Amino acid sequence: MAAHTCILRLAIYSPLRRYFDYLPPNGIPYQQLQPGIRLQVSFGKRTVVGILIAVVSQSQVAFHKLKQAQHCLDKSPIIPTPLLQLLTWAVNYYHHSPGEVFFTALPRALRQGKSANLPTYRQWFLTPKGCSSDLKILIRAPHQRQIIELLRYHPQGLTSSEIKEKFGTYQSSLRSLVIKGWVNFKEECAWKKQESSKKHFKHLLNPSQKIAVTTILTAQQKFQPFLLEGVTGSGKTEVYLHVIEEIIAKNQQALVLTPEIGLTPQIVERFCSHLQGSVAVLHSGLTDRERLAVWVAAYEGKVAVIIGTRSAIWAPLQHLGIIIVDEEHDPSFKQQEGFRYHARDLAIVWARQAKIPVVLGSATPSLESLYNARCQRYHLLQLSQRAGKAQTPQIYLIDIRSCSLEAGISPPMLKALEHHLEQGNQALLFLNRRGFAPTLICYECGFIIPCRRCDSYMTVYQYNDSHRLRCHHCGANQLIPANCPQCNHSFLYPKGLGTEQVEAKLRSIFPDTGIARIDRDTTRGSGVLDKILNDIQKKKYRLLIGTQMLAKGHHYPNITLVGILDADQGLFSGDFRAGERMAQLILQVIGRSGRGEKSGEVLIQTRHPDNLLLQAIISQKYDRVAKILLEERYQTGFPPHGYLALLRAKSALVDTPIAFLENARDMAIALNTHQGMVTVLGPVSAPMERRAGYYRGQLLLQGSSRPYLQQLLATWIPKLEFLKTARKVKWSLDVDPVDLM
DNA sequence: AGCACGCCGACT
DNA sequence: GTCGGCGTGCTC
Ligand SMILES: [Zn+2]
Ligand SMILES: [Zn+2]
């Protein structure tokens with residue numbers, strides 16, 4: 001019997017870190033049992049969907065315990081082989097449960113076992129008869145009449161959902177109209193092929209762009225990572241476009257990953273207008289249906305280029321020819337909960353498996369990528385020139401220890417603002433803190449209003465959330481109290497600085513100037529940011545104040561003054577990556593100024609004008625910045641001079657996370673065969689111990705060798721779920737954490 | 001996670 | 001008595 005037993009190894013959506021073995025359903029030909037198909041199985045007391053990962057002949061589980069799968073949900077795989085390989089790699093590297101890994105890659109409909117057909121929608125339009133007929137006949141059918149009137153406004157037709165949006169009930173009316181022969185429909189496939197008005201507008205490349213393009217293209221059909229380094233405005237996007245053009249001309253596909261904020265309609269438009277072939281977009285704003293449609297279309301090869309955020313790394317592309325990761329240093333490529341994958345790192349893995357080139361682009365590369373380039377693992381390509389005639393900006397530090405500040409603005413900063421606005425130019429102020437003020441404090445007793453669920457203070461909001469306090473860590477909010485909760489005194493005042501406050505101050509100083517605030521609070525809702533950006537182009541706003549949203553990827557050609565209100569915040573805060581982040585942010589903001597013809601000026605307010613890192617930043621030489629940071633990482637054994645894995649645990653009770661982590665630590669130390677190679681540090685409570693009602697702790701594994709760290713994780717992590725103390729906490733592993741918060 | 005089972009206190 | 005909270009076990 002055992003000789004030709006066929007056992008199906010399935011991934012099932014559950015936090016359990018293992019696969020589940022089943023026997024094949026009755027009457028299924030062996031050839032149909034391809035990895036990547038889905039089956040319906042009984043799992044415990046439930047019926048669930050499983051994904052076939054492998055067909056094996058042996059199982060760890062006793063034969064009599066194996067259940068038979070109920071039936072196959074697919075005739076052929078819904079996950080292409082390269083993606084299956086990538087997912088399998090991710091299961092092993094991130095030591096996460098296979099079920100959650102494989103299922104996060106799928107659109108919701110496929111997770112639920114629905115069919116993998118290209119979803120369609122109905123496009124309704126008027127027939128010639130419907131166009132010309134007299135509406136008076138419809139006097140007793142007001143719904144039908146409304147629909148006809150609406151369709152006459154939209155000669156290109158309307159979708160069912162668009163009609164449904166206008167009138168709640170519509171189906172019976174449409175049916176009657178179809179019978180009358182006034183209206184008809186056609187089935188359209190539901191994925192929005194991105195269209196562009198302008199087609200084919202070719203740019204000439206400068207010499208360093210040309211070199212980049214040809215170098216990348218000579219590496220086709222082989223694994224080769226490139227680090228494309230170039231300041232904002234040096235034309236990285238042009239390089240991407242020329243490379244992709246060549247790739248898709250050979251009937252291969254291209255995948256472009258961008259940070260969350262970078263995926264603007266402008267950038268999509270740019271790709272569409274330059275590229276022949278269908279471009280599809282994948283981001284968090286899509287409906288489930290649209291996501292499924294893009295997935296199926298991509299799998300069927302109907303899509304040549306996918307542009308998307310982090311999760312687009314799971315696009316089912318069978319003929320991938322190149323991957324591009326733009327702004328590769330951006331932290332949004334790392335998923336920060338559950339299955340904590342890094343899309344940039346997975347891009348490298350995919351490229352290696354598929355033997356294709358991968359391009360990481362950035363003006364301020366991550367230290368990891370920079371280090372890889374130095375070790376010759378990545379080919380470094382530099383775009384030296386800023387496009388156009390613009391000069392690099394002049395940068396000045398303002399020592400604010402000896403200044404009196406008004407809403408965080410020093411006299412020299414104010415003077416510069418006045419000057420640049422008088423010249424008719426635009427100015428930008430950067431402050432990486434939302435709200436009116438980070439704290440509300442009692443004048444009498446000094447009590448600061450805390451969040452009830454976090455070890456943190458409530459942020460004061462005056463405008464957006466009209467007179468409320470909000471916690472940035474858990475979302476809790478309340479009205480601003482009239483009296484101090486501790487001493488009942490009524491004089492509570494906001495202390496510290498936020499963008500709302502700066503905006504208010506600027507409005508009082510420059511009452512006749514258009515002022516825009518750009519942060520997460522003013523840009524909620526789709527299209528809002530886009531409208532603000534458009535109005536900036538039109539010079540409706542001349543003074544901009546904002547958080548890191550301002551820094552990322554948008555073009556503001558007329559800005560000649562950039563002011564950084566607080567360079568120290570972030571530069572000196574606890575986390576090991578804080579310095580890198582802040583340096584990248586400051587350099588990105590600096591890059592916003594002085595494009596086009598005008599050269600720019602940058603003013604940076606600081607209390608530490610002599611700080612080495614700050615000095616390196618204002619030299620605008622990123623390699624100087626990197627040298628300082630890399631030296632620091634070398635001293636501490638942090639990435640890229642070392643590899644990290646962080647075990648996190650949280651619970652509503654104070655002591656349980658640490659108790660679990662202590663058990664976990666003991667186990668790790670016992671299993672650690674190479675103590676010189678992997679160090680177990682902690683456990684300690686998290687920098688902010690309580691968040692959203694949970695007490696949090698963490699245990700850090702630091703390795704000087706990645707294989708040894710991985711080997712320890714592989715033996716250790718599967719054992720953790722059997723610890724008694726594990727039941728009382730929520731725990732998760734973070735391989736290559738981007739921060740230790 | 002999601003579901004079932006069994007034990008114990010408390011409440012109509 | 002029996003309702004329900006929660007600790008424990010199990011998922012091929
Ligand atoms: Zn008080
Ligand atoms: Zn909170």
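Nothing here was measured: the structure is a model prediction, and the numbers come from that model. Numbered from 1 within each chain, the chains take letters A, B, ... in sequence-line order.
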Q.
Just to verify, what does Tyr94(A) make a ring pair (Phe, Tyr, Trp, His ring centres under 6.0 Å) with, not counting sequence neighbours?
A. Phe339(A)
**Q.** Residues that Tyr13(A) engages under ring pair (Phe, Tyr, Trp, His ring centres under 6.0 Å), provided they are two or more places apart
**A.** Phe103(A)
Q. NA contact type, Leu16(A), heavy-atom cut-off 4.0 Å: base, sugar-phosphate, or nothing?
A. base
Q | By ring pair (Phe, Tyr, Trp, His ring centres under 6.0 Å) - contacts of Tyr457(A) (at least two apart) | A | none
With a cut-off of 3.5 Å and sequence neighbours excluded, list every side-chain donor-acceptor pair involving residues 637-658 of chain A.
{"residue": "Arg648(A)", "atom": "NH2", "partner": "Asp734(A)", "partner atom": "OD2", "Å": "2.8"}
{"residue": "Ser651(A)", "atom": "OG", "partner": "Leu653(A)", "partner atom": "N", "Å": "2.9"}
{"residue": "Ser651(A)", "atom": "OG", "partner": "Leu653(A)", "partner atom": "O", "Å": "3.4"}
{"residue": "Ser651(A)", "atom": "OG", "partner": "Thr656(A)", "partner atom": "OG1", "Å": "2.6"}
{"residue": "Thr656(A)", "atom": "OG1", "partner": "Leu653(A)", "partner atom": "O", "Å": "3.3"}

Q) Does any residue of residues 25-50 of chain A have a heavy atom under 4.0 Å from DNA chain B, and if so, which ones, in number order? A) Lys45(A), Arg46(A)
Q.
Using a 4.0 Å heavy-atom cut-off, does Arg9(A) contact any base of the nucleic acid, only the sugar-phosphate backbone, or nothing at all?
A. nothing
(Q) Could you check whether Lys730(A) pairs with Glu337(A) (Lys NZ or Arg NE/NH1/NH2 to Asp/Glu carboxylate O, under 4.0 Å)? (A) no
Q: To the nearest Å, give me how far apart CZ (Phe103(A)) and C1' (dA1(B)) are.
A: 13 Å
Q: With sequence neighbours left out, write down each residue that passes side-chain hydrogen bond (donor to acceptor under 3.5 Å, both in side chains) with Thr636(A), or none if nothing qualifies.
A: none
Q: For a salt bridge (charged side-chain N to carboxylate O under 4.0 Å, His left out) with Asp521(A), tell me which candidate from Arg468(A), Arg434(A), Arg433(A) qualifies.
A: Arg434(A)
Q. Which ones in residues 65-79 of chain A lie close to DNA chain C, meaning a heavy atom under 4.0 Å from one of its atoms?
A. Lys65(A), Leu66(A), Lys67(A)
Q: Any ring-ring contact (aromatic ring centres under 6.0 Å, His included) involving residues 701-728 of chain A? Give me the pairs, sequence neighbours left out, ordered by first then second residue.
A: His674(A)-Tyr708(A)
Q: State which residues pass salt bridge (charged side-chain N to carboxylate O under 4.0 Å, His left out) with Arg691(A); sequence neighbours excluded, sorted by chain then number.
A: none
Q | Partner residues of Tyr93(A) under the ring pair (Phe, Tyr, Trp, His ring centres under 6.0 Å) criterion, sequence neighbours left out | A | Trp89(A)
Q. Between which nucleotides of DNA chain C, read 5' to 3', does contact with chain A run, using atoms under 4.0 Å from its heavy atoms?
A. dT8(C) to dC12(C)
Q. Atom NE2 of His96(A) and atom C1' of dA1(B): how far apart are they, to the nearest Å?
A. 11 Å
Q.
Tell me the interatomic distance from Glu721(A), atom CD, to dA1(B), atom P, rounded to whole angstroms.
A. 12 Å
Q. How would you list all residue pairs meeting side chain to side chain donor-acceptor pair (under 3.5 Å) that involve residues 661-671 of chain A, not counting sequence neighbours?
A. Asn663(A)-Thr725(A)
